[in-house]
Protein chains: 2
Amino acid sequence: MPEANHKPTINDVARVAGVSKKTVSRVINRSPLLKPETRTKVEDVIASLGYRPNMQARALAMGRNFLLGLLHDNPNAQTVLNFQFGVLDAIRDTEFALVVRPVDRRSPRMLDDIRSFLEVQRLYGVLILPPISENDDLANLCREMGCGYVRMGSAQLDDDEHLVQSNDRECVENVIDHLVEQGHRRIAIIQGPEGFRSAQERWEGFSAAMHRHGLDVPADAIARGNYRFDSGIAAAEKLLEGSFRPTAIFASNDEMAAGAFHMARSRGIDVPSELSIVGFDDSPIAAHIWPPMTTVGWPIREMAKAAALKLIDPSEAEAKQSIFPARLVRRSSVAPPQRD
Amino acid sequence: MPEANHKPTINDVARVAGVSKKTVSRVINRSPLLKPETRTKVEDVIASLGYRPNMQARALAMGRNFLLGLLHDNPNAQTVLNFQFGVLDAIRDTEFALVVRPVDRRSPRMLDDIRSFLEVQRLYGVLILPPISENDDLANLCREMGCGYVRMGSAQLDDDEHLVQSNDRECVENVIDHLVEQGHRRIAIIQGPEGFRSAQERWEGFSAAMHRHGLDVPADAIARGNYRFDSGIAAAEKLLEGSFRPTAIFASNDEMAAGAFHMARSRGIDVPSELSIVGFDDSPIAAHIWPPMTTVGWPIREMAKAAALKLIDPSEAEAKQSIFPARLVRRSSVAPPQRD
DNA sequence: TTGTAGGCGTTATCAT
DNA sequence: ATGATAACGCCTACAA
């Protein structure tokens, strides 16, 4: 009889069920070669004893932990948190847990740090957020260390097994189409930082759509930011001071768009009657500033869930989509341009 | 000779150093009863072999993992993320990792879910964010399960060993003092949700300061929100429509304050010339809306670091502070009231 | 389909 | 101050 004051182990279950512990192990691991009646018998004992497999022992025996890692260097808190929620959606009611690991893209030791982290924690797999998801050396490191990984990106960074993807380029094209429909011809862009794939994709979507509509994109219509609020202010200032005189600005993310709002207001320019602004991300600030901002929303939580599923249940996941379409969220920061 | 193609284990170190593995174990665990020369000898071998203790094996042998858990049900993404960064500051260059666990305060299964989580993961300890940090049942659960815990709160929720605290009440008093100095007499408040200790503390600070200044707080000067943007809109509407006609509004957090901005603008009321607004949290939106918002900032990252330290290194931490003062961040949403 | 023996890498006990 | 031996709870290989 098992000790009343100890947590039951696999041995207790085996003894009570009258089988070997290997059989119990097979039940735990869903081995297909078990007689159904044996399985149910063991399952009953497990339930009646309240047995829970010890994760630490499993981790030791199998050489890997039941932990998913989240590697990120993303400046947007809401993005990171939504991603965490999505992963949690996927691992709910499993034995997995999520460990987070912010990293510093600019540190020369970043890869060594991550290697050390993976060595020590022996993660089941890692999820990698942009922008470091674009780093191929990091992906190779994961491969080399036998650690599963899924990257999240705005382009075809890897094969389907290792990627969930958004369609930034197409979405920005839709943004421009929307602006043109409203009558805008002089549309400026605030680009994201150099070296960010998402920034490049958004720029290419902008550029392609403008070209398709036969619209000019002179140097005066382009300003570069770094995805942060302050850089949006500076970029908008440059745009508003140049000779291009845009009637609409597309900012490559919401923070910079909010900076553009800020600059417009501080110059007494009304949004949207005198200037239309569109952002990207549909982060909370887009809905909270005045006027509420038209932007592009992408299903980050669903993407995160899909990414986690690819790691913990590849067979389930492979049938699912790997590209997740974003959509235009129309609010009140776009209006037809004033005639001039 | 250790196998060249295997990761070195404690046995390899023991063999090369010519000691028993228990001695190596003592070195790893900083046992005080070791001859210094033995220690250095072993340490040299560890370094030359590149040996890293296997966390899974340690976890099994010691019955607890080297994982810190973050339990939260906090609506503010920036708060949660900053807290994560703070914890990471504390565990950097240690073998600890951070696992995150959002929970649902409203679910009747919450405590059972957490119990199950703690049972499976055998965490070293957990950090608990407001508002669930105020739940004493949860703290008792941690105790009962032998899991370390530190709560973060705006009041004396627990003893020093299990708490890092902010001084919300005092800060709100400072806010009111500031408003009164500017000449405001009719100051309204948007309260946080019932049952939140932070909301209560902020209310009490407001109430105490108003009383101290001999200022009235009629029912018309009070509206309750739920810490979310939309509730800030509704609360501000109630306040602006009542007979109190406030010249200043203190909102119990920035999101609701942003909602108040929103409502003011939609009614053509200028902030700050016609209405002053102060928030609480110093979240990014405070700096990003127009005009930039005066608010209260608290050192969440430092608090998180201190909380994590209490868990992993109590002797170090006990000398440190447990109360972290917040401070008024003056920006542009406060101005003297118009005479009327 | 099920069981036996052995191993995963560490820490704990109790000697010496 | 150090070591031999036995846990810790599970999984894999191989045998039956």
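Protein chains get the first letters and strands the later ones, always in sequence-line order, with residue 1 at the start of each. Only this structure's heavy atoms are used, side chains among them; waters, hydrogens and symmetry mates stay out.
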Inset, instruction - Rounded to the nearest angstrom, tell me the gap between atom CG in A/N11 and atom P in D/dC11. - result: 12 Å
Inset, instruction - Using a cut-off of strictly less than 4.0 Å between a heavy atom of the residue and any atom of DNA chain C, enumerate the qualifying residues of residues 21-28 of chain A by number. - result: A/K22, A/T23, A/R26
Legend entry - Heavy atoms of other groups near B/R105 CZ, more than 12 under 6.0 Å: yes
Legend entry - Donor-acceptor side-chain pairing of B/S107 and B/D104 below 3.5 angstrom: no
Legend entry - Phosphate OP1/OP2 of D/dT2: any B/T38 side-chain N/O under 4.0 Å: yes
Inset, instruction - Apply the side-chain hydrogen bond (donor to acceptor under 3.5 Å, both in side chains) test between A/S322 and each candidate in A/E161, A/Q156, A/K310, A/H162; give the one that qualifies. - result: A/K310
Inset, instruction - Report yes if a side-chain nitrogen or oxygen of A/R58 is closer than 4.0 Å to either non-bridging phosphate oxygen (OP1 or OP2) of D/dC11; otherwise report no. - result: yes
Inset, instruction - Just call it for B/L60: base, sugar-phosphate, or nothing, with non-hydrogen atoms closer than 4.0 Å on any strand. - result: base
Inset, instruction - Can you run down the salt bridge (charged side-chain N to carboxylate O under 4.0 Å, His left out) pairs that involve residues 52-70 of chain A, sequence neighbours left out, and say none if there aren't any? - result: A/R52-B/E119
Legend entry - Any B/V150 side-chain heavy atom under 4.5 Å of B/I128 side chain: no
Legend entry - First of A/Y51 and B/K35 reached from the 5' end of DNA chain D, by closest nucleotide: B/K35
Inset, instruction - Report yes if a side-chain nitrogen or oxygen of A/S20 is closer than 4.0 Å to either non-bridging phosphate oxygen (OP1 or OP2) of C/dG3; otherwise report no. - result: yes
Inset, instruction - Give a yes/no on whether any side-chain N or O of B/N29 is located under 4.0 angstrom from OP1 or OP2 of C/dT11. - result: yes
Legend entry - Under 3.5 Å side-chain donor-acceptor pair for B/Q84 and A/Q84: yes
